[in-house]
Amino acid sequence: MLEYIKELTHKLNQHNYNYYVLDNPTISDYEFDKMLEELLLLEKEFPQFVQPDSPTQRVGGEVTKKFATVAHMFPMLSLGNTYSIEEITEFDKRVQNALLQKAVYVCELKYDGVAISLVYEKGRLLRAVTRGDGIQGDDVTQNVKTIKSIPLKLFGDYPDLLEVRGEILLPHSAFKKLNADREYIGEQPFANPRNAASGSLKLLDSAEVAKRGLDCRFYLALGENLPFKTHYDSFTKLKEWGFKIPEIMQKCNSIEEIKMFVSQWDVEREQLPFDIDGVVIKVNDIAQQQQLGATAKNPRWAIACKFKAKRVATQLLSIDFQVGRTGVVTPVANLKPVLLAGTAVKRASLHNNDIIQQLDIHENDWLYVEKGGEIIPKIVGVEVSKRTENALSIAFITHCPSCNTLLIKKNDEAATYCPNEWGCPPQVKGKLEHFISRKALNIDSLGEGKIEMLFDNGLVKSSADFYKLKPEMLIGLEKRFLGEDGTDRIISFREKTVENMLAGIEQSKEISFERVLFALGIRYVGETTAKKLARYFKTIDALAIATKEELKAVDDVGEQVAESIVQFFNAVENLENVVKLREAGVQLELKEENQQSLSNILKGKTIVISGVFSISRDVMKQKIELHGGKNVSSISSNTDFVVAGENMGSEKRKKAEKLEIPVLSESEFEELIEKRN
Ligand code: IVH
């Protein structure tokens, strides 16, 4: 069986490489999924045979409390950089003067992501470390393992010890999706894909990292007696071993060729599916690289030529203030349309009042709009000389543009809010739309237009009102509006429409508590957090009375999320809505079959696990929960016992000893749950 599992693991890794690195799959997604399913089943049955490079290990699950600091084998230098082509000529002169033979260069794209160093021992990924200060960085191995284009096990004639360096990046499509999801639950969106990639790598929950859609490119191999003599040839080997390498690179024999490459990619970068911020020029011959050596900070054999951000000036026409589902008011500038890096820009977010003040924007000002590596245009300054006389400075509105409530600022947040959570139409409608959305209660017989009608007619103000709707309240309702083509249109609720709507609402009572909890729209509680909270607290009543400290015992829940949950259940309006949802028959408890309890032997017990077990930590946690126990991450006087695997953390052991908390070995724990009947 071990051999078969190994073979299946190897095959799947090969297919993974074909798909993610070579972009050339040789089997269908369906066949791949079937094979993966088979491996998953076998691994469940024979957990002792799970291979460290198994593709099933990529889903993440390890939750780290803090990243260990690790020293780099070779310091991670940065590149000297310039914005001018003339300085590239200077660089070439310095290089050629120091060498006996003429240097040939390789030009590559300069990826705008997060630098990473991977170390492979006997072909297995040993660790992944961020650049940090160049001497030491953070060990982010668990998170990096979730990136499917990174090999866990190398192919072919790899050396015993190998370090590769490259960049972790977030493609535009994944960035847009991530930011849309964040804004949806009321979190600040990331400013650009680089920040998003870096934030993702530093997440403590690797299962969350797995969902972010990170990708990579590797551009440097380090080690002893590596089987190539030039940088260009190193890529052939890197690719053979399983790494995703830059798809765009060019050998250049002259400054002219380098200049052409730089100007070509300064324009064509707009078509790339990820951000780059320049071009890197490297001496091709590795012996020549060694002769040139490095200064304390930069290698002398490479230089980065950075692109200047593209900038245009255009006139401000007006500012819209938009109110979102969470009450945040966002100022958006309407601009005189202008062409910038291939796209027509006519609107740009000004984010918040602080930004308007910093830029000191006046009415009708000429604004500089910039598009750097980033995909979103940004307003970076004002051309004061073009300001019209007596132009007034832009004042942030004081009252909600929708419901006229006085706006507020919370603590030290930059955002301005409309506090009229239950009376401000865009907020109420936004909450209702969220409640019925696909990942929430999934009532697809309702939609934005219908919700608007129900709200305008005073029939639905909070989600529980959906369940009070009756055919006679709805049939015959009509709304006239102007269609996009300028013609007069009518939506009317006919019998069939109403029947479908009510059937959809009825069916939503089957939706699990996990999703209902997400549907409630608690700020910062996204799909994953809702799932974790539901599984931990099991009922809405238990969640509603939880203290901040109790909430923080759940993975993923920090101060901000805990505070938001407490506030949600402090509001009478929310409590009333929950009571009405319960009366309507909506699921507010985890169903028995979801709890899949095996026994109650650990009921009421709070357990901490530490170290490495024969099964994954996730399965260990599941076991505790299946037997009625509660797994928490840190030891306190409330802990009943600790289960210690190999290499239990010394801090944890000391703490357990100090608080006199029993420490069980893995086998003692197994014995305990065996005794369950
Ligand atoms: S080579 C010793 N090649 O730019 C030089 N770097 O300041 C090793 N970068 O930290 C770097 N694309 O994160 C190299 N094609 C590329 C690159 C690249 C992006 C980043 C890298 C480095 C920074 C230089």
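Below, each value reflects all heavy atoms present in this structure, side chains not excepted, and no hydrogens, waters or symmetry copies. Order of listing sets the numbers, starting from 1, for every ligand and every atom in it.
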heavy-atom search around atom 10 (O) of ligand 1 in the protein gives Ala115 CB, 3.9 Å

field: Asp275 and Arg194 ion-paired at < 4.0 Å
entry: no

Nearest non-hydrogen protein atom to atom 20 (C) of ligand 1, with distance, is Glu167 OE1, 3.5 Å

Does even one non-hydrogen atom of Lys282 get within less than 4.0 Å of ligand 1? yes

Work out whether the distance between some heavy atom of Ala302 and some atom of ligand 1 is less than 4.0 Å. no

Only one of Lys308, Lys310, Lys306, Lys259 passes salt bridge (charged side-chain N to carboxylate O under 4.0 Å, His left out) with Asp266, and that residue is Lys310

Checking Gln51 against Thr9: is there a side-chain donor and acceptor pair closer than 3.5 Å? no

Honestly, for Lys110 the part within reach of ligand 1 (heavy atoms, under 4.0 Å) is both

Within the 4.0 Å heavy-atom cut-off, what Tyr111 brings close to ligand 1 is both

- Should the pair Lys251 and Tyr232 be classed as cation-pi, given the thresholds of under 6.0 Å to the six-membered ring centre and 45° from the axis? yes

Of all protein heavy atoms, the one nearest atom 8 (C) of ligand 1 is Leu220 CD2, 4.1 Å

So for Leu79 against ligand 1, with non-hydrogen atoms under 4.0 Å, the contacting part is both

Honestly, for Ser78 the part within reach of ligand 1 (heavy atoms, under 4.0 Å) is both

Counting heavy atoms under 4.0 Å, the part of Leu109 that contacts ligand 1 is backbone

re atom 15 (N) of ligand 1, the protein heavy-atom contact at minimum distance is Glu108 OE1, 2.8 Å

If you scan protein heavy atoms around atom 22 (C) of ligand 1, the nearest is Tyr219 OH, 4.3 Å

Exercise. Without swapping roles, check the side chain of Thr130 against the backbone of Ile116 for a donor-acceptor pair under 3.5 Å.
Key: no

Side-chain donor-acceptor pair present, Thr528, Lys211, cut-off under 3.5 Å: yes

Check: With no hydrogens and no angle check, do the side chains of Thr82 and Glu87 hold a donor and an acceptor under 3.5 Å apart?
Finding: yes

Is the shortest distance from a Lys or Arg side-chain nitrogen in Asp139 or Arg127 to a carboxylate oxygen in the other one below 4.0 Å?
no

heavy-atom search around atom 2 (C) of ligand 1 in the protein gives Pro299 CG, 3.5 Å

